[in-house]
Amino acid sequence: MGTEMLSFVVSPVDLFFIAVTLAGSEVFLTAVVLAVYWCNDRVAGLRLGVVFLLSMWLNSVLKLVFKLPRPAPHSGGAGAARPYVVLGAEGYGFPSGHTQGTATLWWMLAGLFRRRFMAAAAAVATVLVGASRMYLGVHYLEDVVGGGALGIAVAIAAVASFRWLDRSGRRVTRPVLVIAALVLPALMLTGPVDESVMKSSGFFLGFALGGAVEPALCGFRRPAGLRTQAARVALGLGCVLAVGGIIELVAPATPSWVWLRYATTGLSATLLVPWVFVLVGLAAPEGAAS
């Protein structure tokens, strides 16, 4: 996903679409994944996170393969005839990462929890985020259509695979999960690579590895009241941001250290944070009596 620079806001519509596009950012969508993992269900959160990260890796690879440019600064959407809020966005345009990530996440949630209203919400979110990217002048129509279609396809394929696995009665053992968590990130680095690919690969390794071993090391029971869940999300995000921020401050900005920073951050999300929840009393250990 590109990095935007905002100059000034000229209307409430601009504010609306800026808010929508922020809701489609990788940072916000990752926070949603972690909230599901910490507050709802470990398996559902792990499945959601793995598929979302694979989708973001695929998006980065396709950008490097197609190398299609974004609209020129100040030329996009409704802003062509007036001063505009977006000065520019880095990286290639096709497919739109915001749109693909939004479609993957919300259609996955709709499929995992089987709620019709969530499918309707996923459709609205995908359209709105795609529209915001065009309105802000950082993507063409084909970018957002391609990103949305890819995100929905990834989500449908993943949900179908998980349902088949559940119906078959097969269990994915912890050793298999650990091996997959180690092998898949390495495979992700065998194709086209840039910083986004390094980030996806690193975070995937940490997130999946931590999720695989969490029950054995620091598992906790998810059910809790709304206030406790809100406190988990606030504390958990604070811990994850602190880990990533500290490493960024002390480590050089080389590709290998970027990969290691994101791997450590992902591991902190699924291993360190659950331990902190139990330590401060926001969650009971998984084997504790009710």
Side-chain angles (χ1 to χ4, degrees), residues 23 25-54 56 101 104-106 108-109 112-113 115 118 162 171-178 180-182 184-185 199-251 260-290:
S25 68
E26 201 163 355
V27 172
F28 179 84
L29 298 176
T30 301
V32 174
V33 170
L34 296 180
V36 173
Y37 184 87
W38 293 330
C39 298
N40 186 274
D41 180 82
R42 185 187 72 88
V43 174
L46 191 58
R47 288 176 172 181
L48 180 67
V50 163
V51 173
F52 173 72
L53 291 168
L54 285 174
M56 292 297 89
T104 302
L105 179 79
W106 296 111
M108 268 288 292
L109 281 171
L112 289 173
F113 294 104
R115 297 290 188 271
M118 293 181 74
F162 291 138
R171 292 183 67 254
V172 181
T173 63
R174 186 169 296 121
V176 172
L177 286 174
V178 170
L182 296 172
L184 284 177
K199 291 177 179 179
S200 296
S201 171
F203 198 90
F204 184 99
L205 183 142
F207 177 87
L209 184 61
V213 302
E214 182 231 301
L217 299 181
C218 56
F220 69 98
R221 291 190 284 121
R222 263 66 178 179
L226 185 60
R227 288 185 179 180
T228 299
Q229 292 182 343
R232 285 181 189 171
V233 172
L235 177 60
L237 291 177
C239 289
V240 170
L241 291 173
V243 168
I246 290 171
I247 298 175
E248 186 176 14
L249 284 174
V250 301
L260 184 61
R261 171 161 60 94
Y262 276 83
T264 305
T265 304
L267 188 65
S268 73
T270 49
L271 201 57
L272 172 65
V273 169
W275 176 78
V276 172
F277 289 164
V278 174
L279 183 67
V280 302
L282 285 176
E286 207 159 32
S290 301

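Below, each value reflects all heavy atoms present in this structure, side chains not excepted, and no hydrogens, waters or symmetry copies.
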Report, one line per pair, each donor and acceptor closer than 3.5 Å where one atom sits in a side chain of residues 232-239; sequence neighbours left out.
residue : atom : partner : partner atom : Å
R232    : NE   : L282    : O            : 3.0
R232    : NH1  : W38     : O            : 3.1
R232    : NH1  : R222    : O            : 2.8
R232    : NH2  : R221    : O            : 3.3
R232    : NH2  : L282    : O            : 3.1

field: Check: F162 and V51 side chains under 4.5 Å, non-hydrogen atoms
entry: yes

Minimum-distance pair of heavy atoms, taken over all atoms of L205 and A263: CD2-CB, 4.4 Å

query: With sequence neighbours left out, which residue pairs that include part of residues 272-283 fulfil the side chain to side chain donor-acceptor pair (under 3.5 Å) condition?
result: none

field: Donor-acceptor contact present, side-chain R174 to main-chain V213, <3.5 Å
entry: no

- line: Residues passing the side chain to side chain donor-acceptor pair (under 3.5 Å) test with Y37, sequence neighbours excluded, are E214

field: Min side-chain heavy-atom separation L271-C218 under 4.5 Å
entry: yes

statement: Taken to the nearest 0.5 Å, the spacing of L184 CG from L209 CG works out to 12.0 Å

message: Going by side-chain contact (heavy atoms from CB on, under 4.5 Å), name the residues that satisfy it together with A23, two or more places apart in sequence or in a different chain.
response: F28

message: In the structure I gave you, are the side-chain heavy atoms of F207 and L34 within less than 4.5 Å of one another anywhere?
response: yes

- line: Shortest non-hydrogen pair, G49 vs V33, comes out as CA-CG1, 3.4 Å

task: Only counting residues at least two apart or in another chain, list the ones meeting ring pair (Phe, Tyr, Trp, His ring centres under 6.0 Å) with F220.
output: F277

task: Please identify each residue that fulfils side-chain contact (heavy atoms from CB on, under 4.5 Å) with L109, with sequence neighbours left out.
output: V32, V36, L48, L105, W106, F113, M118

statement: residues 234-249 vs salt bridge (Lys or Arg N to Asp or Glu O under 4.0 Å), sequence neighbours excluded, gives E248-R261

message: For the CG atom of L53 and the OG1 atom of T30, what is their distance to the nearest 0.5 Å?
response: 6.5 Å

Ring pair (Phe, Tyr, Trp, His ring centres under 6.0 Å) pairs, two or more places apart, involving residues 221-240: none

statement: Looking only at heavy atoms, the pair that brings L112 and A44 closest together is CD1-O, 3.9 Å

query: Who are the salt bridge (Lys or Arg N to Asp or Glu O under 4.0 Å) partners of R42, not counting sequence neighbours?
result: none

field: L241 CG to T265 OG1 distance, which is reported to the nearest 0.5 Å
entry: 8.5 Å

task: Scan residues 199-211 for pairs that pass side chain to side chain donor-acceptor pair (under 3.5 Å), counting only residues two or more places apart or in two chains.
output: E195-K199, S201-W259

query: Do F52 and E26 come close enough that some side-chain heavy atom pair is under 4.5 Å?
result: yes

task: Check L267, T264, V273 against V243 for a side-chain contact (heavy atoms from CB on, under 4.5 Å) and give me the one that passes.
output: T264

field: For A180 against P185, the heavy-atom pair lying closest together
entry: O-CD, 3.8 Å

Rounded distance (nearest 0.5 Å) linking atom OG1 of T270 with atom CG of L46: 7.5 Å

- prompt: Could you go step by step and tell me if L182 and V178 meet the side-chain contact (heavy atoms from CB on, under 4.5 Å) rule?
  reply: CA-CA 6 Å; L182 296 172; V178 170; 4.1 Å; yes

